[in-house]
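Before any comments, here is the structure.
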There are 2 protein chains.
Amino acid sequence: MSHADPKDRLPLKPAVFHILLALSNGARHGLGIADEVEAASDGVLTLGPGTLYRSLDEMRRDGLVERTAPPEGEADPRRKFYEITPEGRRLLRAEVTRYQRVLDAARDRDVVPERA
Amino acid sequence: MSHADPKDRLPLKPAVFHILLALSNGARHGLGIADEVEAASDGVLTLGPGTLYRSLDEMRRDGLVERTAPPEGEADPRRKFYEITPEGRRLLRAEVTRYQRVLDAARDRDVVPERA
DNA sequence: GACCTCCATATTCAGTTTGGATATATCCAA
DNA sequence: TTGGATATATCCAAACTGAATATGGAGGTC
């Protein structure tokens, strides 16, 4: 068996977590991922190019993402597109679930005024 | 003015974030915080002593936590107790809110099967 | 076509952040 | 009183990250 339990691979590195989140919405190319991460966090999070391309390499080696063909109508041939794999989605789901539990506990302590 | 907008201080370092979360439930001493963080994450997150005491020092300097008296009936005089300050709670709330938005977006993409 | 600017990937390097090892002292139980 | 567990604290190497830099090609303008 090779990692039957996703929990053994948690916690995800913050960069990996946010890249997976961005890709969960559909395939994207490198810089498109960085833009998505920044937008999804209201500009609070940024992803430097070093972290970005290094993380993508690692994640590909680990089977979390795959290279995929550019979408229909894509003009720029330089862009390399990535999509999340079933394994990546499984891991992302585990991390989201875990994190949501932490935030739920915080809400129960009235850290935030109310539930969204 | 000294940091009117909490957003300027986001994102919190992961360690600081989780320490604030642990303290949002009430005052705790150093190792008690580490235990709380580990328990709240189902054993996924750990806090090494280096990160723990270094973070507490920084957070005290930044006004996020304060030393406080041991609770009634506390036997061990070695324990140093900390409580979250209003400023710390303000910052924690901002970070929780931001993070919840990210998770909400993930849920809308069916990353997780359903809402808790 | 020549030029210029912007975009995209990629690598390098230095700074930040972290965990583990180590140190010191004290508490508690046998 | 002896030993093991607990608690704070410091140090160091490893992990992780962002910014600077490099390279090359795309697309627009004249």
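These numbers were taken from a predicted model, which means no experiment stands behind them.
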Treat primed atoms plus P, OP1 and OP2 as sugar-phosphate and everything else as base, then score nucleotides 6-15 of chain C 5' to 3': B for base contact with protein heavy atoms under 4.0 Å, S for sugar-phosphate contact only, - for none.
-BBBBBB---
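The CD atom of A:E58 sits 11 Å away from the P atom of D:dA15 (whole-angstrom rounding). Regarding B:M59, its CE atom lies at a distance of 14 Å from the P atom of C:dT17, rounded to whole Å. Separating the NE2 atom of A:H18 from the P atom of D:dC16 is a distance of 15 Å, rounded to the nearest angstrom. Counting to the nearest Å, the P atom of D:dA20 and the CG atom of A:L47 are 16 Å from each other. One can place CD1 of A:I19 at 12 Å from C1' of D:dC16, the figure rounded to the nearest angstrom.
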Would you list the atom pairs, donor with acceptor, under 3.5 Å between side chains in residues 49-68 of chain B and any protein atom, with sequence neighbours excluded?
residue: B:R54; atom: NH2; partner: B:G50; partner atom: O; Å: 3.3
residue: B:S55; atom: OG; partner: B:T51; partner atom: O; Å: 2.6
residue: B:E58; atom: OE1; partner: B:K13; partner atom: NZ; Å: 2.9

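Taking the six-membered ring where the residue is Trp, A:Y99 and B:H18 present tilted rings, their angle falling between 30° and 60°.
Looking at heavy atoms from C-beta onward, A:L10 lies in side-chain contact with A:L91 at the 4.5 angstrom threshold.
Residues forming a side-chain contact (heavy atoms from CB on, under 4.5 Å) with B:P70 (at least two apart in sequence, or on another chain): B:E74, B:F81.
Expressed to the nearest 0.5 Å, how far CZ of B:R89 lies from CD1 of B:I84 amounts to 5.0 Å.
Among all heavy-atom pairs drawn from B:A22 and B:E36, the shortest one is CB-CG, 3.5 Å.
Remark: C:dA30 base-pairs with D:dT1; criterion is Watson-Crick or G-U wobble with both hydrogen-bond distances under 3.5 Å.
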